[in-house]
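Below is one structure, written out as structure tokens; the observations come after it.
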Amino acid sequence: QVRLVESGGGLVQAGGSLRVSCAASGRTFSNYVMGWFRQAPGKEREFVAAISRSGGNTLYTDSVKGRFTISRDNAKNTAILEMNSLKREDTAVYYCAARTGSAVATGSLLYDYWGQGTQVTASS
């Protein structure tokens with residue numbers, strides 16, 4: 001069992017930046033691919049970014065490429081999503097997730113453990 005706890009969400013003006021973190025506990029963190037997903041009101045949960053177990057491979061959805069950066073610190077059991085140039089349409093609850101498979105993936109069904117989510121709001 002892996003427990004994931006997100007933190008760092010909040011309210012920011014459009015164009016600003018936020019950093020959300022995901023602290024993991026329970027199992028060896030470096031054994032898991034980590035992903036970030038988001039869900040806006042009335043919409044399906046969507047993939048945002050993922051990072052391989054070593055951190056050497058990352059994947060982003062097109063709408064955040066060049067603005068968001070996913071990283072991880074296996075020594076601190078933490079995954080991080082740096083968000084820059086935030087837009088109103090980035091407003092959502094952001095979830096981190098852990099996958100036992102070896103490859104980065106975009107499908108939410110491929111992730112085995114989920115955090116409770118943290119609200120990110122970009123206002124104009």
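- Cys96 places none of its side-chain heavy atoms less than 4.5 Å from the side chain of Tyr113.
- Under the 4.5 Å side-chain contact rule for hydrophobic residues, Val20 and Ile80 do not share a cluster.
- Closest non-hydrogen pair, Ala24 versus Phe29, comes out as CB-CD1, 3.4 Å.
- Under the side chain to side chain contact (heavy atoms under 4.5 Å, CB included) criterion, Lys65 pairs with Tyr60, Asp62, not counting sequence neighbours.
- Donor-acceptor pairing under 3.5 Å is lacking for the side chains of Thr91 and Glu89.
- Within the model, atoms OG of Ser124 and CG of Leu86 stand 13.0 Å from one another, a figure rounded to the nearest 0.5 Å.
- Rounding to the nearest 0.5 Å gives a distance of 8.5 Å between NZ of Lys43 and CZ of Arg38.
- Under the 4.5 Å side-chain heavy-atom criterion for Ile, Leu, Val, Met, Phe, Trp and Tyr, Phe68 and Val120 are members of the same hydrophobic cluster.
- For the atom pair Arg72 CZ and Arg53 CZ, the distance stands at 9.0 Å (nearest 0.5 Å).
- Side-chain N or O atoms of Glu6 include one that pairs as donor or acceptor with a backbone N or O of Gly117 at under 3.5 Å.
- Using a 4.5 Å heavy-atom cutoff, the side chains of Arg19 and Met83 are not in contact.
- In terms of modelled atom types and a separation under 3.5 Å, the side chain of Arg88 and the main chain of Ser123 share no donor-acceptor contact.
- The two atoms that bring Ala40 and Ala92 nearest to each other are N-CB, 3.8 Å, heavy atoms only.
- We find the OG-CD distance between Ser25 and Gln1 to be 9.5 Å, quoted to the nearest 0.5 Å.
- Side-chain N/O atoms of Thr78 and Asp73 include no donor and acceptor closer than 3.5 Å.
- When all heavy atoms of Ser85 and Asp90 are compared, the pair lying nearest together is O-OD2, 4.4 Å.
- The two residues Val2 and Arg27 come nearest to each other via the heavy atoms CG2-CB, 3.7 Å.
- Taken to the nearest 0.5 Å, the CG atom of Asn74 stands 5.0 Å off from the OG atom of Ser30.
- Nearest heavy atom pair, residue Ala49 against residue Leu81, reads CB-CD1, 4.2 Å.
- Listed for the Asp112 side chain is a donor-acceptor partner under 3.5 Å among the backbone atoms of Thr100.
- Not a single donor-acceptor pair under 3.5 Å links the side chain of Thr61 to the backbone N or O of Val48.
- Under the 3.5 Å distance criterion, the side-chain polar atoms of Ser17 are left unmatched by any main-chain donor or acceptor of Asn84.
- Rounded to the nearest 0.5 Å, atoms OG (Ser108) and CD (Gln39) are 9.5 Å apart.
- Cluster partners of Leu59, using a side-chain heavy-atom cutoff of under 4.5 Å among ILVMFWY residues and allowing indirect links, are Val33, Phe37, Phe47, Val93, Tyr95, Val104, Leu110, Tyr111, Trp114.
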